[in-house]
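Below, chain A is the first sequence line, B the second, and so on; all start at residue 1.
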2 protein chains.
Amino acid sequence: MTKNSPMSSARRRSDCVCINLRRMSRVVSQIYDDALAPSGLKITQFCLLRAIERLGSTSVGALADDQELDRTTLTRNLALLERDGLIEQSAGVDKRMSVAQLTRAGSAAIARALPHWEGVQKELRRTLGAETLAQLSDIHARISGVAKASAG
Amino acid sequence: MTKNSPMSSARRRSDCVCINLRRMSRVVSQIYDDALAPSGLKITQFCLLRAIERLGSTSVGALADDQELDRTTLTRNLALLERDGLIEQSAGVDKRMSVAQLTRAGSAAIARALPHWEGVQKELRRTLGAETLAQLSDIHARISGVAKASAG
DNA sequence: GAAAATTAGGTGTATATACTCACAAATAAC
DNA sequence: GTTATTTGTGAGTATATACACCTAATTTTC
């Protein structure tokens with residue numbers, strides 16, 4: 001009992017992995033949203049548009065898989081982008097599928113937001129270090145692996 | 001140009017720090033929510049209740065600071081807990097303040113959920129490793145520091 | 001001590017997120 | 001070829017999240 005207090009009450013934040021991740025997510029999202037504000041896009045929308053750009057014409061399901069995002073959530077998010085004229089959705093060859101693709105305005109919005117996004121990325125790389133960001137990527141990959149394993 | 005492709009297209013997920021964090025947050029939240037489902041609490045509610053338990057009677061503002069959560073978001077989240085009888089809110093000495101405290105049902109809910117939560121924590125520690133979780137905590141602390149610096 | 005400034009919270013509105021259920025199209029069974 | 005099953009989406013509902021604005025209570029100024 002003499003080896004007590006291993007830095008115990010020092011950073012007595014939370015020991016819940018989930019809530020720590022949610023907090024980080026909130027804090028960082030605001031940094032990005034603030035930076036992207038002049039472009040009129042939120043970081044979620046920017047990344048969704050970029051995913052559509054990268055994948056070309058894609059179905060809701062494929063996009064949901066790509067983004068590790070619930071399909072029905074994606075439906076709502078896509079509806080907002082379509083409302084704002086940034087994407088178009090149409091039925092695919094398989095009439096059940098809804099295929100999304102960028103509009104000219106969507107491409108323009110990406111281009112407008114890109115430098116702001118790059119600024120934050122660079123700033124984070126500077127303040128946190130490239131190694132830390134690589135760690136985060138690695139952890140992300142492993143967490144996704146765990147989730148897929150337990151879901152399958 | 002001969003030094004091309006530094007593991008480029010291999011894990012071509014996303015290079016956006018923010019979206020990676022959001023994804024991790026989503027994926028991990030579902031793991032916790034699934035595990036906590038029998039208790040009737042979501043992980044957000046569980047951690048919020050635990051924070052109130054830890055802080056005792058606290059004002060909305062103090063709790064928001066503690067949780068790094070927007071004050072108005074907290075108002076809504078607390079309203080749900082109050083609706084379900086897990087907390088009570090009353091005016092403080094300073095009549096502007098709304099002070100929240102656990103009810104008996106709230107304490108019971110924490111107790112009911114705790115073993116499920118501990119199970120997930122242990123499982124994550126096993127699959128990801130204690131070192132990884134420590135890295136996440138460290139990154140979290142540094143990110144919060146960055147955010148506070150840029151906000152102040 | 002009354003006017004001004006600050007502070008603590010709540011409301012309206014909006015996006016992000018996911019679950020359950022419903023529906024329509026495509027595919028498989030027979 | 002008609003029925004049963006599977007599959008791809010959307011809608012209803014609910015929580016989580018934050019911003020802009022509003023109100024009420026406190027504190028500060030004079």
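Between the CD1 atom of A:I31 and the P atom of D:dC19 there is a distance of 12 Å, given to the nearest Å. Taking atom CZ of A:R26 as the reference point, atom C1' of D:dC19 lies 16 Å away to the nearest angstrom. Distance A:I43 CD1 to D:dC19 P: 15 Å, rounded to the nearest Å. Rounded to whole Å, atom P of C:dA16 lies 11 Å from atom CG of A:L74. In this structure, the CE atom of B:M97 is 12 Å from the P atom of C:dG10, given to the nearest Å. Atom CG of A:L49 is separated from atom P of C:dT15 by 14 Å (rounded to the nearest Å). Atom P of nucleotide D:dT17 and atom NZ of A:K42 are separated by 13 Å, given to the nearest angstrom. Look at CG on A:D70: it is 13 Å from C1' on D:dG8, rounded to the nearest Å.
Of the listed nucleotides (C:dA16, C:dT20, D:dA18), C:dA16 has the atom at the smallest distance from the side chain of B:R22. Taking the side chain of B:T44 as heavy atoms from C-beta on, and the options D:dA16, D:dG10, D:dT9, the nearest nucleotide is D:dA16. Of the candidates D:dG10, C:dT17, D:dA25, the closest approach to any side-chain atom of B:D94 belongs to D:dA25. Residue A:T72 has its side chain nearest to C:dA18 when only C:dG9, D:dA18, C:dA18 are considered. Side-chain proximity of A:L80 to the nucleotides C:dA16, C:dT17, D:dG8 is greatest for C:dA16.
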Which is it for B:L102 and B:I110 under the side chain to side chain contact (heavy atoms under 4.5 Å, CB included) test, yes or no, and what are the steps along the way? CA-CA 10 Å; B:L102 284 187; B:I110 292 178; 3.8 Å; yes
Go through the steps for B:R54 and B:D66 under the test side chain to side chain contact (heavy atoms under 4.5 Å, CB included), then give the verdict. CA-CA 11 Å; B:R54 174 168 53 85; B:D66 180 78; 2.8 Å; yes
Start with the C-alpha gap between B:V27 and A:L21, add the side-chain angles, then the distance that decides, and say whether side chain to side chain contact (heavy atoms under 4.5 Å, CB included) holds. CA-CA 10 Å; B:V27 168; A:L21 277 170; over 6 Å; no
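A:T73 and B:R26 form no side-chain donor-acceptor contact under 3.5 Å, judged by distance and modelled atom types alone.
A sub-4.0 Å separation between OP1 or OP2 of C:dG9 and a side-chain N or O of B:Q89 is absent. Note on A:N77: every side-chain N or O is 4.0 Å or more away from OP1 and OP2 of C:dT15. Distances shorter than 4.0 Å separate none of the side-chain N or O atoms of A:Q30 from OP1 or OP2 on D:dT17. Distances shown here put a side-chain N or O of A:Q45 below 4.0 Å from the OP1 or OP2 atom of C:dA16. Residue B:S29 places no side-chain N or O under 4.0 Å from the OP1 or OP2 atom of C:dT17.
Each of A:D34 and A:R96 was assigned the nucleotide of DNA chain D with the nearest heavy atom; the assignment lying further toward the 5' end belongs to A:R96. Two residues, A:R76 and B:D84, neighbour DNA chain D, and the one matched to the more 5' nucleotide by heavy-atom proximity is A:R76.
For A:D15 and B:R50, the salt-bridge test passes: some basic side-chain N is under 4.0 Å from an acidic carboxylate O.
In this structure, B:S98 contributes its side chain and B:A91 its backbone to no donor-acceptor pair below 3.5 Å.
For C:dG10, its base sits under 3.5 Å from the side chain of B:R71 at one donor and acceptor pair at least. Between the side chain of A:T73 and the base of C:dA18, at least one donor-acceptor pair of N or O atoms lies under 3.5 Å.
Across all strands shown, B:S59 has heavy atoms under 4.0 Å from sugar-phosphate atoms exclusively, and none from any base.
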